[in-house]
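Worth knowing before you read on, the calculation uses all heavy atoms, side chains too, and leaves out hydrogens, waters and symmetry mates. Keep in mind it's a predicted model, so treat the numbers as computed, not measured. In this chain, residues are counted from 1 in sequence order. Just follow the structure's listing: the first ligand is 1, and inside any ligand the first atom is 1.
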Amino acid sequence: MQQSVSRENFEQWMMPTYAPATFVPVRAEGSTLWDQQGKDYIDFAGGIAVNALGHAHPELQQALTQQAAQLWHTGNGYTNEPILRLAKKLIDATFAEKVFFCNSGAEANEAALKLARKYAHDRFDQNKSGIVAFSNAFHGRTLFTVSAGGQPAYSKDFAPLPADIQHAAFNDLASAAALINDRTCAVIVEPIQGEGGVVPAEPAFLRGLRELCDKHQALLIFDEVQSGVGRTGALYAYMHYGVTPDVLTTAKALGGGFPMAAMLTTDNLASVMVVGSHGTTYGGNPLAGAVGGKVLDLINRQEVMDGVEARHRWFIDGVEAINKRLNLFKEVRGMGLLIGCVLSDDFSGKAKQINLVAAEEGVMVLIAGANVVRFAPSLIISEQEVKTGLERFERACEKLVRGLAT
Ligand SMILES: *Cc1c(COP(=O)(O)O)cnc(C)c1O
């Protein structure tokens, strides 16, 4: 007999780093989930921009189980067929010439920052170590990446922090220019700040960063952990902007729910990483390679990219119609299927409350800070699921506006 478990056990047994919803999902298909009581939920959260092909996609199930019957893991003393095929697909689809695989977004950014430091030390000198990042950025939770992130609340308790990281204001080129100089080894930026409130970069801002990096021989790192793998309606957001980074990190949707990540870069930059410079036990194992390869095959298609644009309209039109009646949001922003609904001043700070009421009504949404309700659904969510989810979301918004939210 299996132990019977419920949400209450979370407080009993789990380290209190999360505050999970009051229900426990047990099963899912497409963009619909069911909890322990059999109640259904429409999924606009997508496992935080991860389940880009929804839940239980038949072709991903097949890729995973076929590989599971064949070879799970060898460690990086051996390479494997699925991961080599995925590397080639990523290289063919992007600017990249070399790929490093790991298991999470934080690890991909950690690798990118280490590469930037080593490249500068090997090719220039030890003083070229400055990293410029941005306020409100999110790059992960390792000590290096959380220090590069622009939310001091997440890093300050873990001091002393890695040195020589400075923060400029996002979308403010002058503030970045004031910090970038010949001592800078890298600039790290999200083309769209996700956790920071769903804020797209201005095209001129990214172009300006590219020029500053070229001028000062610093690497431009795009953190596309959230914006990548079709999320914005292009395979990677840099393609929308027409600004090519030196290093790109990708995770979240890359595994479609299987933990995996990659750092993409050029031959020249990759050449400073030699045997023993960096590594990870699980990175690029055959299971991850098989699933990631299938995810990329299924997403990197024009019809899927066009579908993201169509779904973007369904969401924007739907939320704007809700808002016409309820006047809850002052702005709806974002790209593709990364959408942020910014609460008006009367409701500021209430995003978490909407998230809770929405779950009661049967729709899962994300927040991005205290004032932004975020949607990051499957890229192939059905029109019916969007319609049903938005009806439930409207009921949640109505409860909040009428002061009926508990
Ligand atoms: C989620 C996220 C990360 C961290 O990824 P993990 O897999 O949680 O380590 C880094 N950067 C961005 C932009 C993210 O959205």
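With a 4.0 Å cut-off on non-hydrogen atoms, H139 touches ligand 1 through its backbone and not its side chain. With a 4.0 Å cut-off on non-hydrogen atoms, A106 touches ligand 1 through its backbone as well as its side chain. Contacts between I48 and ligand 1 below 4.0 angstrom, taking non-hydrogen atoms only, are absent altogether. Contacts of K252 with ligand 1, taken as heavy-atom pairs under 4.0 Å, involve the side chain alone.
Residues N268 and Y119 meet the side-chain proximity criterion, which asks for heavy atoms closer than 4.5 Å.
Within ligand 1, the atoms closer than 4.0 Å to a non-hydrogen atom of E190 are 13 (C), numbered from 1 in the order shown. Of all atoms in ligand 1, numbered sequentially from 1 with element shown, those under 4.0 Å from a heavy atom of N109 are 10 (C), 11 (N). Listed by number with element, the atoms of ligand 1 under 4.0 angstrom from any heavy atom of S104 are 7 (O), 9 (O). When each atom of ligand 1 is checked for a heavy atom of G140 under 4.0 Å away, the hits are 4 (C), 10 (C).
Between F205 and F170, the two ring planes are perpendicular [angle over 60°; tilted spans 30° to 60°]. Ring geometry for F393 against F329 counts as parallel: the plane angle stays under 30°, on a 0 to 90° scale with 60° as the upper cut.
Taking only nitrogen or oxygen atoms, main chain and side chain alike, E107 does not reach within less than 3.5 Å of ligand 1. At under 3.5 Å, not a single nitrogen or oxygen of V225, backbone or side chain, sits near a nitrogen or oxygen of ligand 1.
Judged by distance alone, the side chain of H57 and the main-chain N or O of E59 form a donor-acceptor pair under 3.5 Å.
Between Y238 and F95, a ring centre-to-centre spacing shorter than 6.0 Å is recorded.
A salt bridge does not link E202 to R207: none of the charged nitrogens lies less than 4.0 Å from a carboxylate oxygen. Of the charged side-chain nitrogens involved, at least one lies within less than 4.0 Å of a carboxylate oxygen, so that R374 and E195 count as a salt-bridged pair.
Counting only heavy atoms of the protein, atom 11 (N) of ligand 1 lies nearest to D223 OD2, 2.7 Å. For atom 6 (P) of ligand 1, the nearest non-hydrogen atom of the protein is G105 N, 3.4 Å.
Pairing each heavy atom of R210 with each of D246, the nearest pair is NH2-OD2, 2.9 Å.
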